[in-house]
S.K.: 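There's a structure below that I have some questions on.
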Amino acid sequence: MNKFFINKQSGIKPNGISKWFFWLIGMLALLIGMSSNLSCPISGQAANNLQTYTQPFQNSTTTLSGDAVEANMYFIKMDYWQVKKVTINLNFQISQLANRETSDITLSLNGTKFYSFRPKKETGLQTRAIEVPLRLIQGENQLKISGQILNKKGQQSSQLVQTPANWLTIYNGANANFEYRLQPPTTAIKSFYAHFSGTDTIANANSVITLPHQASNAELSAGMYALTGEARTITTENTQIPVTTADTAVAKQADYQLVIATYQHLPKVFQQQLDRQRLREHAVIKTYTHDGKHYLIVSAFNTKLLQKASRFIANQELMQETVADTKYISNSTQTFTSELQYGGKKQLTTSDDYLTGAKHQSSTYFVSLPVDRTNADGSKIRIHFRYAKNLDFKRSLVTVYVNDSALGSKRLTAARANNDELTVSLPKGKALGHSFTIRVAFDLEMSGAAQSDNAQTPWALIKADSEATIKSKPVAALLFTNYPYLFLKNATFNHIAVVRPRTLTSDDFQTLTNIFNLIGTYAQSNTGNIQFYTHQPRDCLKTKNSGII
């Protein structure tokens, strides 16, 4: 209580009242003005329940050369968002020699152009905030940044010379900022799973997996199966789902909790939600909401059934299909994801890629091998494509690059315009690691002195049956840069044995969180085994990979 007006024996004079009144009004207005100018955090909640979330693009700093340049970026929207506004924030720089009156940059989303602008008359780093029409937003979104960076004024001559000085650099840190309202989860398991796995939920430390305070070896294994299954769906860097106990601060503040324990180790409030009779021969997965907190209870009397239920949690397809609020798991329930045996062939694109416009046009594809393998000699890339017939075929060609190193080129011809292909071999003896990029670039030169003013021609189309045949071999070097390949085989757990302390501390749970979030990032299947030991096992380490915490 403010006691300023108390104990004033003679009161306050009228002129004093008026002065204090206007002073208070002024201070109130000042505070209101200051609060309206406060910037919002990256992810948070406003007084009107409007959420904000900034999703960084997974792009490194990239320099694009040529008078026509193009780059692709990707971002996602959660299904439970009622989106009110989306803003694209770009950091870029263009050549100091570029003409600002003729150079331009265009943005398109999911194939639809929606914004074009000219760079400012500046030579350094530039930023641009661009609002996206909501009608273009989908669940998975492809943002294409294209432009022409010209060093001359657009006058009579249409044959502008392409030089190394025609460049656009897009810096990392570009992002999509969402303003939205949350749709609360329903009682369906799939609804809880969507919120629990959501990028904003994880970024806000709102998702946790809780285990009993002194979890048994079987409960720890069950927790790691669930954690790795969740970790492989995380799309943002430097974020993870913690494994902890219910009495920690991180668990108490989380709105979405995956509770894994045998029935006898469950808190009574969760035991009361379960049917003991059904648990005699089943494990259970059940949603439960209390005091604004949302729980998914995973429990069983039998530890093998508990681990089987955790493998169900680690199967994204099964979780997304479960509309009931309760799922019982028996010994016959199919929970494994399909075995991912690497067959050596990678389809570059699931649909035909259409490139339009004159001169240099390209499309980039990302190829990844299992983390425990690298490329071997004899690997090839086959590109199947079509293109327009109104080209200058003396100057038009296609080139295939791997990690920006040219592998081979081919001149385009009128005779093969409707059905052409190019096969190139990867360099012998050159290790590319377990991931690399393939870029297919067309130089579509127009015939005649004048260029077409139709942006849809010329064109080229990369067929969906284009593929990379990548022969592979096991990674042999015991290097930290190859971690965690030793713990994985064919993208699943390679008989992982963990020797644990008898008494688990908060540091131990943090260690498990770090290790299995990383392993889960690379594991694409839930079929392998993770087993915990409270003592140094004698014989099993001959056939298993160990991690001692």
Side-chain angles (χ1 to χ4, degrees), residues 43-46 48-53 55 76-84 86 134 137-141 178-210 226-227 229-236 239 241 246 251-261 266-267 269-275 278-279 282-300 309-330 333-335 337:
S43 186
Q45 183 173 8
N48 60 357
N49 205 31
L50 192 66
Q51 308 272 348
T52 62
Y53 176 72
Q55 183 178 147
I76 61 175
K77 177 191 76 70
M78 298 291 102
D79 291 339
Y80 54 84
W81 290 352
Q82 294 179 341
V83 178
K84 303 301 179 182
V86 180
L134 295 182
I137 299 294
Q138 302 176 7
E140 297 180 358
N141 300 276
F178 290 87
E179 294 183 14
Y180 60 96
R181 287 188 175 89
L182 284 175
Q183 291 179 325
T186 67
T187 59
I189 290 174
K190 62 178 291 186
S191 181
F192 174 92
Y193 181 79
H195 283 74
F196 183 85
S197 307
T199 56
D200 57 331
T201 313
I202 298 173
N204 289 332
N206 239 352
S207 297
V208 297
I209 297 175
T210 62
L227 173 61
E230 292 291 338
R232 84 172 59 102
T233 67
I234 296 176
T235 58
T236 54
T239 56
I241 298 176
K252 291 178 180 179
Q253 72 179 16
D255 290 334
Y256 299 89
Q257 298 186 24
L258 177 56
V259 182
I260 301 176
L266 275 179
V269 64
F270 296 136
Q271 289 180 347
Q272 294 170 359
Q273 312 306 317
L274 306 182
D275 184 344
R278 291 294 300 270
L279 289 181
H282 297 83
V284 67
I285 302 172
K286 181 179 177 59
T287 59
Y288 172 62
T289 299
H290 180 68
D291 287 342
K293 303 286 186 180
H294 307 279
Y295 304 91
L296 187 66
I297 308 168
V298 183
S299 188
S310 293
R311 291 187 190 270
F312 190 100
I313 298 291
N315 190 318
Q316 183 181 26
E317 292 77 13
L318 291 177
M319 291 295 288
Q320 290 175 336
E321 294 170 357
T322 307
V323 297
D325 63 353
T326 304
K327 174 68 178 180
Y328 289 100
I329 308 296
S330 68
T333 304
Q334 296 297 318
T335 60
T337 55

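Heavy atoms only: backbone and side chains are in, while hydrogens, waters and symmetry mates are out. This structure is a prediction, so every number in the text was calculated from the model and none was measured. Index from 1, following the sequence.
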S.K.: Taking atom NE2 of His294 and atom CZ of Phe192, what is their separation to the nearest 0.5 Å?
M.R.: 9.0 Å

S.K.: Please give me the minimum heavy-atom distance between Gln320 and Lys190, naming the atom from each residue.
M.R.: O-CE, 3.3 Å

S.K.: So Ile241 and Val208, do their side chains get closer than 4.5 Å, heavy atoms only?
M.R.: no

S.K.: Looking at side-chain heavy atoms only, is the closest gap between Val269 and Gln271 below 4.5 Å?
M.R.: no

S.K.: Under the side chain to side chain contact (heavy atoms under 4.5 Å, CB included) criterion, do Leu182 and Trp81 qualify, and how do the steps go?
M.R.: CA-CA 5 Å; Leu182 284 175; Trp81 290 352; 4.0 Å; yes

S.K.: Has Ser191 got a side-chain atom pairing as donor or acceptor with Thr186's backbone, closer than 3.5 angstrom?
M.R.: yes

S.K.: Report yes if some heavy atom in the side chain of Tyr295 is under 4.5 Å from a heavy atom in the side chain of Thr287; otherwise report no.
M.R.: no

S.K.: Would you check if there is a donor-acceptor pair between the side chains of Lys286 and Thr326 at a distance under 3.5 Å?
M.R.: yes

S.K.: To the nearest 0.5 Å, tell me how far Asn141 CG sits from Gln55 CD.
M.R.: 8.5 Å

S.K.: Keeping Thr210 on the side-chain end and Ala246 on the backbone end, is there a donor-acceptor pair under 3.5 Å?
M.R.: no

S.K.: Are side-chain heavy atoms of Ile313 and Leu296 found at a separation under 4.5 Å?
M.R.: yes

S.K.: Between Tyr193 and Thr322, is there a side-chain heavy-atom distance shorter than 4.5 Å?
M.R.: no

S.K.: Could you check whether any side-chain heavy atom of Ile297 comes within less than 4.5 Å of a side-chain heavy atom of Ile285, counting everything from C-beta outward?
M.R.: no

S.K.: Which atom pair, heavy atoms only, marks the closest approach of Thr335 to Asn315?
M.R.: O-ND2, 3.0 Å

S.K.: Could you tell me whether Gln138 atom CD has more than 12 heavy atoms of other residues or ligands within 6.0 Å of it?
M.R.: yes

S.K.: To the nearest 0.5 angstrom, please state how far the NZ atom of Lys77 sits from the OH atom of Tyr180.
M.R.: 11.0 Å

S.K.: Donor-acceptor pair, Asn204 side chain versus Asn206 backbone, under 3.5 Å?
M.R.: no

S.K.: Using the side chain to side chain contact (heavy atoms under 4.5 Å, CB included) rule, take Ile209 and Val259 through it: C-alpha gap first, then chi angles, then the decisive distance, then the call.
M.R.: CA-CA 6 Å; Ile209 297 175; Val259 182; over 6 Å; no

S.K.: Say whether Glu230 and Ser197, considering side chains only, have a donor N or O and an acceptor N or O under 3.5 Å apart.
M.R.: yes

S.K.: As an exercise, state the distance from CD of Gln257 to NZ of Lys252, rounded to the nearest 0.5 Å.
M.R.: 11.0 Å

S.K.: Using 30° and 60° as the class limits, which term best fits the ring planes of Tyr288 and Phe270: parallel, tilted or perpendicular?
M.R.: perpendicular

S.K.: State, without any angle test, whether Tyr80 and Asp200 hold a side-chain donor-acceptor pair at a distance under 3.5 Å.
M.R.: yes

S.K.: Please tell me if the side chains of Phe196 and Pro185 come closer than 4.5 Å, counting only heavy atoms from C-beta onward.
M.R.: no

S.K.: Show the numbers, then the answer: is there a side chain to side chain contact (heavy atoms under 4.5 Å, CB included) between Val323 and Glu321?
M.R.: CA-CA 6 Å; Val323 297; Glu321 294 170 357; over 6 Å; no

S.K.: To the nearest 0.5 Å, what is the distance between CD1 (Ile260) and OG (Ser310)?
M.R.: 4.0 Å

S.K.: Mind listing the closest non-hydrogen atom pair of Ala309 and Ala283 along with its distance?
M.R.: CB-CB, 3.8 Å

S.K.: Side chains of Leu279 and Val284: does their closest heavy-atom pair fall under 4.5 Å?
M.R.: yes

S.K.: Within a radius of less than 6.0 Å around CD of Gln334, do more than 12 heavy atoms belonging to other residues, nucleotides or ligands occur?
M.R.: no

S.K.: Is the backbone N or O of Ala188 less than 3.5 Å from a side-chain atom of Asp325, with the two atoms forming a donor-acceptor pair by type?
M.R.: no

S.K.: Establish, from distance only, whether the side-chain atoms of Thr201 and His195 form a donor-acceptor pair under 3.5 Å.
M.R.: no

S.K.: Taking the inter-plane angle between the rings of Tyr328 and His282 on a 0 to 90° scale, is it parallel (under 30°), tilted (30 to 60°) or perpendicular (over 60°)?
M.R.: perpendicular

S.K.: Just how far is it from atom OG of Ser207 to atom CD1 of Ile202, taken to the nearest 0.5 Å?
M.R.: 5.5 Å

S.K.: With side chain to side chain contact (heavy atoms under 4.5 Å, CB included) as the criterion, how do Tyr53 and Thr199 come out once you've worked through the C-alpha distance, each side chain's angles and the decisive distance to 0.1 Å?
M.R.: CA-CA 9 Å; Tyr53 176 72; Thr199 56; 3.5 Å; yes

S.K.: Atom CG of residue position Asp79 - does it have more than 12 heavy atoms of other residues, nucleotides or ligands inside 6.0 Å?
M.R.: no

